[in-house]
Amino acid sequence: MSQHPALVEHVLTREEIQARVVELGAQISADYAGREITLTCVLKGGFVFLADLIREITIPCSIDFMVISSYGTGTQSSGVVRILKDLDGPIDELDVIVVEDIVDSGLTLSYLLRNLKTRKPASLEVCALLAKPARLENDVKCRYVGFEIPDTFVVGYGLDAAERFRELPDIWSVDEAKL
Ligand code: IMP
């Protein structure tokens with residue numbers, strides 16, 4: 001299959017991602033040893049990461065999903081966040097880890113954490129596969145970060161550009177003019 005012209009270069013290969021996901025799973029399992037966790041996955045982008053991460057976690061865990069709108073079809077954060085699908089169940093007294101694909105400006109995550117905190121979880125942390133420190137606009141904290149990447153728009157491994165490229169096993173930078 002020929003490569004789409006918008007795909008510029010590999011940012012992370014599937015092997016690099018897999019190795020890091022193994023480490024993250026081991027770290028979370030050690031940090032929460034003896035406890036049970038709830039992984040709150042932010043859809044759509046987080047679904048591939050969640051599926052791999054959960055298989056590296058060796059303590060009991062449950063999952064739930066939220067759908068949040070942040071970008072629409074553009075590539076810049078609008079700062080306007082809406083919950084399109086809420087969690088199915090309550091999280092009070094639970095040890096919750098939000099599983100995010102990427103923290104860019106941090107606006108989405110900061111909104112989400114504020115919202116989830118009002119539901120009184122026993123603890124609330126974040127596990128993000130990717131973070132772009134150069135773009136962060138607030139002091140939102142992620143306990144677990146897979147990779148810090150430069151300020152470039154990336155796709156693959158669940159991440160999209162206007163709903164495309166989620167299926168790619170590797171993470172690529174894109175030329176937005178060629179999308
Ligand atoms: P933030 O609110 O600016 O931190 O953006 C968070 C959300 O924007 C992520 O959960 C993604 O859905 C999306 N996003 C941010 N950067 C990228 C990127 O480089 N590729 C794909 N989606 C991105």
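Just follow the structure's listing: the first ligand is 1, and inside any ligand the first atom is 1. Note: hydrogens, waters and symmetry copies are ignored here, and every other heavy atom, side chains too, is used.
Under a 4.0 Å heavy-atom criterion, Val155 is not in contact with ligand 1. Residue contact check for ligand 1: Asp160 places a non-hydrogen atom closer than 4.0 Å to it. Judged by the shortest distance from any of its heavy atoms, Lys132 lies inside the 4.0 Å radius around the atoms of ligand 1. By the 4.0 Å heavy-atom criterion, Gly106 is counted among the residues contacting ligand 1.
For the residues Phe153, Trp172, Tyr111, Phe165, the heavy atom positioned nearest atom 22 (N) of ligand 1 is part of Phe153. Comparing heavy-atom distances from atom 20 (N) of ligand 1 across Val81, Leu159, Val154 singles out Val154 as nearest.
Remark: Phe165 pairs with His4 by the ring pair (Phe, Tyr, Trp, His ring centres under 6.0 Å) rule, at least two apart or across chains.
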N/O donor to acceptor pairs below 3.5 angstrom from side-chain atoms of residues 138-145, sequence neighbours left out:
| residue | atom | partner | partner atom | Å |
| --- | --- | --- | --- | --- |
| Asn138 | OD1 | Val140 | N | 3.3 |
| Asn138 | ND2 | Gly106 | O | 3.2 |
| Lys141 | NZ | Asp139 | O | 3.2 |
| Arg143 | NH2 | Asp31 | OD2 | 3.4 |
| Tyr144 | OH | Asp31 | OD2 | 2.6 |

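Checked options Ile171, Val154, Leu129; the residue passing with Ile102 is Val154 (criterion: side-chain contact (heavy atoms from CB on, under 4.5 Å)).
Between Arg135 atom CZ and Ile149 atom CD1 the span is 10.5 Å, to the nearest 0.5 Å.
Heavy atoms of Glu100 found under 4.0 angstrom from ligand 1 belong exclusively to the side chain.
With respect to the salt-bridge test (charged N to carboxylate O, under 4.0 angstrom), the residues Arg166 and Asp101 do not qualify.
Annotation: side chain of Leu179 is not in contact with side chain of Arg164 (no heavy-atom distance under 4.5 Å).
Those atoms of ligand 1 with a heavy atom of Asp101 less than 4.0 angstrom away are 9 (C), 10 (O), 11 (C), 12 (O). Contact atoms of ligand 1 toward Ser105: 1 (P), 2 (O), 3 (O), 4 (O) (distance under 4.0 Å to a heavy atom of the residue).
Between the side chains of Thr118 and Arg114, not a single donor N or O lies within less than 3.5 Å of an accepting N or O.
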